[in-house]
Amino acid sequence: MAPSAAERTVIENCAVATVDADDTEYASGHLVLAGNRIESVGAGKAPEGLENVVRRIDASGHLATPGLVNTHHHFYQWITRGLATDHNLFDWLVALYPTWARIDEQMTYAAAQGSLAMMARGGVTTAMDHHYVYPHGSGDLSGSIIRAAAETGVRFTLARGSMDRSEKDGGLPPDFAVETLQGALAATEETVKKHHDASFDAMTQVAVAPCSPFSVSTELMREGAELARRLGVRLHTHGSETVEEEKFCHELFGMGPTDYFESTGWLGEDVWMAHCVHMTDADIAAFARTKTGVAHCPSSNARLAAGIARVPDMLKAGVPVGLGVDGTASNESGELHTELRNALLINRLGAHREAALGARQALRLGTHGGARVLGRAAQIGSLEPGKLADVVLWKMDTLAHASIADPVTALVFGAAAPVTASFVNGRQIVENGRLLTVDEDAIAVSTRAEAQRLAHIAAQA
């Protein structure tokens, strides 16, 4: 729809953090949404004489930011939260894989609903899911996840994962939980062709995403990269998450994770890795040289005692970095807006201490940084005319934040701020902290039921 004919929503009287290249901010400004685009953003009131204005929002006491962009998650884990709470990564995986290997389409759909609802009500407008567990006979898992995202109303990237290295091959997953090499490649290609939308305002995209070096053969890594580039989509996997993974790669491949990724075609501006906790100077330089992106998951890394990623060093080197919730079996909150604060605080425990990250750097990680990692910085991640209308209004005049003068500092350093309104593609999906698109209470009931069903099936097995 041409902007001149589009229905307009006018938002006024709010603080605005655009997160554009200059970090432009307005103490009191406006936004005009025309159809699914941002038409204008600036100081003071909206321009006079606008046509087709269907709604005016007095956003006094609010901060407007770009919608949050999640760059790493495993939705299915919503129904296995609170388990193996005192384990490191490898022990945690060994403990939970036998349960995960028994998921089916109904469970996956309910878990996706729960994961998406929790993020969306907390300001996420672009979500992603790295789903890599495809048990035999489990149904259309990818389709169920995409359906849940469409119903929630968020912009979405499915990272179609895969595993072909099971226990018999020296991997961690049970033998019946993995696919064959050719089966995984064929199913991934089918998913891309069926669901990926390459258009500017796409609501659904698909990436090629073998799970990790310790659950995937070298052939699947190499051929997966070739497949993604032939189809013109992005690549995603886990990398350098723990010291155990570093040891595994040296023992199995004779090199560290980054060198292994480079040897299989897995460094490049079309690639992003989850975690990247244990990175040497040479690793960071390789990521910077190739513009390989990173999904930083501070809460999950702390939960699994993986360590502190060198985010300040990555940013200084020019590595694209976004934030990730990670799976909710290692970050039970399932929220991304709390990761703004956790990223800042956890990185200040590292070598750079109080100079590690500031409030605006944290907000950029969760917005523009995530958009860049997903390959969508031209469309989302900042509030600029012509970009897609993915906007969040945070209520900053309540007890929790009102005495903090700077709203960006309040958002990042303070308690989790309430979301008064969240717009995706110009459509409002959250109002006063509640989802408008799906029934949160019904989702709570269904996710509990599916968690209990899965636990019963796993116990019987």
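Small disclaimer: the values here were computed from a predicted structure and weren't measured.
A donor-acceptor contact shorter than 3.5 Å is absent between the side chain of Lys395 and the backbone of Ala421. At least one donor-acceptor pair under 3.5 Å links the side chain of Trp92 to the backbone N or O of Ala329. Thr264 places no side-chain N or O within donor-acceptor distance of the main-chain N or O of Arg222, the cut-off being under 3.5 Å. Remark: the backbone N or O of Pro173 is not paired with any side-chain donor or acceptor of Arg165 at under 3.5 angstrom. The main-chain N or O of Asn425 is found under 3.5 Å from a side-chain atom of Asp390 such that the two form a donor-acceptor pair. A donor-acceptor pair under 3.5 Å links the side-chain atoms of Trp266 to the main chain of Met221, judged by distance alone. A donor-acceptor pair is defined here as one N or O able to donate and one able to accept, closer than 3.5 Å; such a pair exists between the side chain of Thr237 and the backbone of Cys211. In this structure, the side chain of Asp164 engages the main chain of Ser217 through a donor-acceptor pair within 3.5 Å. At least one donor-acceptor pair closer than 3.5 Å links the side chain of Arg348 to the backbone N or O of Leu357. With hydrogens and angles ignored, the 3.5 Å screen pairs a side-chain donor or acceptor of Arg155 with a backbone N or O of Asp201.
Going from atom OG1 of Thr280 over to atom CZ of Arg310 covers 7.5 Å, rounded to the nearest 0.5 Å. The distance from atom NE2 of His72 to atom NE2 of His238, rounded to the nearest 0.5 Å, is 3.0 Å. The OG1 atom of Thr437 sits 6.0 Å away from the CZ atom of Arg427 when rounded to the nearest 0.5 Å. Taken from CG in Leu363 to CG in Leu63, the straight-line distance is 7.5 Å, to the nearest 0.5 Å. Thr65 contributes atom OG1, which lies 6.5 Å from atom CG of Leu383 (distance to the nearest 0.5 angstrom). Note that CZ of Arg453 is 13.5 Å distant from CZ of Arg102, once rounded to the nearest 0.5 Å.
In this structure the side chain of Asn347 reaches within 4.5 angstrom of the side chain of His296, judged on heavy atoms. Between Glu223 and Gln182 the shortest side-chain heavy-atom distance falls below 4.5 Å. For the pair Leu411 and His337, the minimum side-chain heavy-atom distance is 4.5 Å or more. In this structure, the side chains of Thr125 and Ile380 stay at 4.5 Å or more apart for every pair of heavy atoms. Residues Thr242 and Asn88 form no side-chain contact, since every pair of their non-hydrogen atoms from C-beta on lies 4.5 Å or further apart. Residues Ile457 and Met107 form a side-chain contact, since some pair of their non-hydrogen atoms from C-beta on lies under 4.5 Å apart. A heavy-atom distance below 4.5 Å is found between the side chains of Leu365 and Leu315. Using a 4.5 Å heavy-atom threshold, the side chains of Glu241 and Leu304 count as touching.
Ring geometry for His74 versus His130: interplanar angle of 30 to 60°, hence tilted. Relative orientation of the Tyr260 and Phe253 rings is parallel, given thresholds of 30° and 60° on the angle between their planes.
When the ring-ring contact (aromatic ring centres under 6.0 Å, His included) test is applied to Phe156, the partners found at least two apart in sequence or on another chain are Phe75.
The shortest heavy-atom contact between Ser115 and Thr328 is OG-OG1, 4.4 Å. The minimum heavy-atom distance linking Ala295 with Thr71 is given by the pair CB-OG1, 3.1 Å. Residues Ala417 and His401 approach most closely at CA-CE1, 3.6 Å, considering heavy atoms. The nearest pair of heavy atoms linking Met128 to Asn70 is CG-O, 3.3 Å. Annotation for Ser382 and Ile38: closest pair O-CD1, 4.2 Å, computed over non-hydrogen atoms. Residues Val373 and Arg234 come closest through the heavy atom pair O-NH2, 2.9 Å.
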* To do: Start with the C-alpha gap between Thr18 and Glu384, add the side-chain angles, then the distance that decides, and say whether side-chain hydrogen bond (donor to acceptor under 3.5 Å, both in side chains) holds.
  => CA-CA 7 Å; Thr18 68; Glu384 300 180 74; over 6 Å; no
* Verdict with supporting geometry, His62 and Thr420, side-chain hydrogen bond (donor to acceptor under 3.5 Å, both in side chains) -> CA-CA 8 Å; His62 288 77; Thr420 294; 2.7 Å; yes
* Evaluate the criterion side-chain hydrogen bond (donor to acceptor under 3.5 Å, both in side chains) for residue pair His73 and Asn331; output intermediate values, then yes/no. => CA-CA 10 Å; His73 210 315; Asn331 178 5; over 6 Å; no
* To do: Under the side-chain hydrogen bond (donor to acceptor under 3.5 Å, both in side chains) rule, what do Gln452 and His456 come out as? Steps first, then yes or no, please.
  => CA-CA 6 Å; Gln452 291 173 337; His456 176 73; over 6 Å; no
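A donor-acceptor contact closer than 3.5 angstrom links the side chains of Asp313 and His352. Side-chain atoms of His275 and Asn301 include a donor-acceptor pair closer than 3.5 Å.
Between His131 and the options Tyr109, Trp78, Trp100, Tyr76, a ring-ring contact (aromatic ring centres under 6.0 Å, His included) holds for only Tyr76. Residue Glu189 is tested with Lys194, Arg160, Arg230 for a salt bridge (charged side-chain N to carboxylate O under 4.0 Å, His left out); the sole match is Arg230.
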